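The structure appears below as C-alpha cells.
As a basis for the values below, the full set of heavy atoms in this structure was taken, side chains included, without hydrogen atoms, waters or symmetry mates. No experiment lies behind these values; they were computed from the predicted model shown.
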Amino acid sequence: MRKIEPEGSVPGERTLEINAAEVRPSGRYVLYWMTAFRRAGWSFALERAADWARELGKPLVVLEALRCDYAWASDRFHRFVLDGMARNARSFDRRAVTYYPYVEPSKGAGRGLLEVLAENACIVVTDDYPAFFLPRMREAAARRVAVRMEAVDSNGLLPIRATDRLFKTAHSFRRFLQKELPDRLARFPKPDPLKGADLPAGRRLGLPLDRWPRATARLLAGDAGALRTLPIDHSVAPAGLRGGETEGRRRLRAFVRRRLAGYAEERNRVGEETTSGLSPYLHFGQISTHEIVTAVLHAEKWKPARLARKATGSRAGWWGLSTAAEAFLDQLVTWREVGFNMAALEPRYERYETLPSWARKTLKDHEGDQREHVYTLRQFERAETHDTLWNAAQRQLVTEGRINNYLRMLWGKKILEWSPTPRKSLAVMIELNNKYALDGRDPNSYSGIFWCLGRYDRPWGPERPIFGKVRYMSSASTRRKMDLGVYMKVHGPW
DNA sequence: ATCGGCTCGCGCAA
DNA sequence: TGCGCGAAGCCGAT
C-alpha cells in the first residue's frame, strides 16, 4: 500500500511517527495537539498539520490544553500560558481553523479528551519536545490513540535528531553546528503557516466535548479569581510580565531595535534591561528561534555569502555579523541547543550521574570538606543566607521568575558551597529553579544549573575546598566587578 | 591594568 | 603524538 505523505516543506528529519497506526482518510478532521510550541507562527508542527489538512481536504482542529497536575504548576506558569492561549484563540479564530483551548479544572479531569478527539481524526500531529513530562505524556498518548500520530520538532535551528552524538563542550557542539547549519538556514518554518493554506472551514464540527468544556474567556483573561479555583500552587504569584506570541514578538522587536547593538558589552550589567528577556517565551514555545534569528539577520542585512567557510568552533566570526549579534546568536543557538542535544539524547539529563567524570571525581574527593555555612532548602528558598548579594538574587528569582545571567551562575555556585553534599545542592537548584523561574524545566535551564557543577566546563585550579577543580566564583569578586547599587536596592530584604 | 598558572579533553595536524 | 584552546574565574605577581 502506498504510504500517504502530504505535500509540504517540513523537513523529514523533523517529523517522527510515534505509533504504528494508519492515517484514516475517512476521518472528519486533522488534529493538531499543541503541547510545547504554543504559537500560531514559525512552527514546523503547525505547518505539518496544515499540510496534512490540505492534503486530505479536511478541516484542522487545534487542541491546546493546560494540565493542572504537572510538577510545580502555579499561578505564575498558568497565567503565562493562559496569556498565550488567549492570543492563540484570537490568531486561530481569524483562520479557517477550530481552536479548542482546554484548561483542566481538577486533577485527572482532562483524561480521555485526546482519545475522544482522535476517534474522529485522520491523523494526530503533536509537538516533539525533549524535556519535562512531555515525552512521557506523548508516549502514553501514542499507545492509546488508534490513528497515526506524528511528533514534529520545532525546537531550534538544528533538528534534535540530526545527530546521535552527545556533545560535552560548547566548543565541539559549535563546530558541529557550523558544519550543519548552512543547509538548514534555507529551510525555516513559515511565518504564517495558515496563510493561503486553503483549508476547509471547520466552524460547525460539533465536537463531542461536553465532558471537557472549552476554557472560559474569564480564565483565558488570566482572571485571578478563576485561577484561585484551580488546584495549583497559589503561593507562586504571576511574574508581572505578559505571556503570549504577540508579547514575545513585541519584546523581540524592542530588543533588536534598542539593545542588540550594545549586547556584547552590556549584557552583564545588573539592574538594567540589556538582554532580550525572551527565554520565558522560548520555553513555552510562544516564540520561535527561527523568528528571532530571522529578525537579527535582517537587522544586520545579512547574506549567506557572509558565512565563514571553515568550521573552527570559534565563538565569534562564523556568521559574519557584528560582535554583538554573534554573541547573542551564540546564546540563542549554541548554548540553548546544546541543552536540547543533551535532553534529547540522554534520558537521565536531570541526574547527577550525567556530570563529566572529572567533575564527579573531584566533587567526591571534597565531599567530606568542612563547610562554613550549610543551609536547608527552606533557608535558601526564603533567602535566609549570610550573603546579602545571594539573597538578592534569590529574591529576584522569587518575585520576577528570573535571575540576571551572571548572578545566576554565582547563585548556583554558592548553593554548591553551602549544601551538605553536591547531590543535595543539585536538588536545591532544580527545585528552586523549576518552582520559580519562568524558563525553568527547560533543557536550557538544566544546562545552566549543571554548568555550576562542571557540565560543559573544564577543570580549573587551584583545587579548593568543596569545589575541588570545579570553577569557583565569589560574591566578593562579583561585588568588585559590578555596580550592584540599583540591583540591591530593588531586591533588598523583604 | 594585565598576565600566567591552575587543569582536562577534544579535534585536528602531523 | 603534540598542540591549541575552551561561558563569563581567582589570585598573586608585575
Quick one: label A/Lys361 by what it contacts on the DNA or RNA (base, sugar-phosphate, nothing), any heavy atom closer than 4.0 Å. nothing
Report the residue from A/Asp127, A/Asp153, A/Asp128 that forms a salt bridge (charged side-chain N to carboxylate O under 4.0 Å, His left out) with A/Arg14. A/Asp153
Look at the side chain of A/Met409 and decide which nucleotide, out of C/dA8, B/dC10, C/dG9, has an atom nearest to it. C/dA8
As a quick check of understanding, evaluate side chain to side chain contact (heavy atoms under 4.5 Å, CB included) for A/Trp418 and A/Arg371, giving each step before the final call. CA-CA 7 Å; A/Trp418 303 330; A/Arg371 272 117 172 109; over 6 Å; no
What is the distance, to the nearest angstrom, from the CG atom on A/Leu416 to the C1' atom on C/dG9? 15 Å
Could you let me know what B/dT7 is paired to, Watson-Crick or G-U wobble, both distances under 3.5 Å, or none if it's on its own? none
Side-chain atoms of A/Arg458 come closest, of C/dA7, C/dC10, B/dT7, to B/dT7
Does the side-chain ring of A/Trp335 lie flat on the base of C/dA7, meaning centres under 5.5 Å and planes less than 30 degrees apart? yes
Nucleotide C/dC5, atom P - distance to CH2 of A/Trp460 in whole Å: 14 Å
Can you tell me the pairing partner of C/dA7 across any strand shown, Watson-Crick or G-U wobble, with both distances under 3.5 angstrom? none
Does A/Arg174 make a cation-pi contact with A/Phe167, if we ask for NZ or CZ under 6.0 Å from the ring centre and within 45° of the axis? no
P atoms of C/dG9 and B/dG9, separation to the nearest Å: 23 Å
Tell me the interatomic distance from A/Glu463, atom CD, to B/dT7, atom P, rounded to whole angstroms. 8 Å
Of the candidate nucleotides C/dC11, C/dA7, B/dC12, which contains the atom at the shortest distance from the side chain of A/Lys179? B/dC12
Between B/dC12, B/dC10, C/dG9, which nucleotide has the shortest distance from any of its atoms to the side chain of A/Arg175? B/dC12
Pick the C1' atom in C/dA7 and in B/dC12, then give their distance to the nearest Å. 23 Å
Can you check whether A/Arg471 has a side-chain N or O nearer than 4.0 Å to OP1 or OP2 of C/dC10? no
May I ask you to verify if any side-chain N or O of A/Arg464 is less than 4.0 angstrom from the OP1 or OP2 atom of B/dT7? no
Under 4.0 angstrom, heavy atoms only, what part of the nucleic acid is A/Arg480 near: base, sugar-phosphate, or nothing? nothing
Quick check on C/dA7: is either OP1 or OP2 less than 4.0 Å from any side-chain nitrogen or oxygen of A/Arg315? yes
Nearest whole angstrom, please: distance from the C1' of C/dC10 to the CE of A/Met482. 15 Å
Do A/Asp439 and A/His283 have side-chain atoms, one donor and one acceptor, less than 3.5 Å apart? no
Separation of A/Phe328 atom CZ from C/dA7 atom C1', in whole Å? 16 Å
If you look at every strand shown and take non-hydrogen atoms under 4.0 Å, does A/Arg267 touch a base, only sugar-phosphate, or nothing? base
Identify which nucleotide among C/dC10, B/dC10, B/dG9 has an atom closest to any side-chain atom of A/Ser477, counting heavy atoms from C-beta outward. C/dC10
The nucleotide from C/dA7, B/dG11, C/dG9 with an atom nearest the side chain of A/Ala170 is C/dA7
Looking across every strand, which nucleic acid part, if any, lies under 4.0 Å from A/Arg174 by heavy atom: base, sugar-phosphate, or nothing? sugar-phosphate
Closest nucleotide among B/dG9, C/dA7, B/dT7 to the A/Lys469 side chain: B/dT7
Less than 4.5 Å apart, any side-chain heavy atom of A/Asn391 and any of A/Glu384? no
Measure the distance from CG on A/Asp457 to P on C/dC10 and round it to the nearest whole Å. 12 Å
Using atom P in both nucleotides, what's the gap between C/dT1 and B/dT7 to the nearest angstrom? 23 Å
If you check the A/Tyr406 side chain, which of B/dC10, C/dC10, B/dT7 turns out closest? C/dC10
NE2 (A/His298) with more than 12 external heavy atoms under 6.0 Å: no
Pick base, sugar-phosphate or nothing for A/Ser474, based on heavy-atom distances below 4.0 Å to the nucleic acid. sugar-phosphate
Going by atom types only, do A/Arg39 and A/Ser154 share a side-chain donor-acceptor pair under 3.5 Å? yes
What contact category does A/Lys481 fall into here, base, sugar-phosphate, or nothing, at under 4.0 angstrom with non-hydrogen atoms? sugar-phosphate
Using whole Å, report how far CZ of A/Arg408 lies from C1' of C/dA7. 11 Å
In whole Å, what is the span from the NE2 atom of A/His171 to the P atom of B/dG9? 17 Å
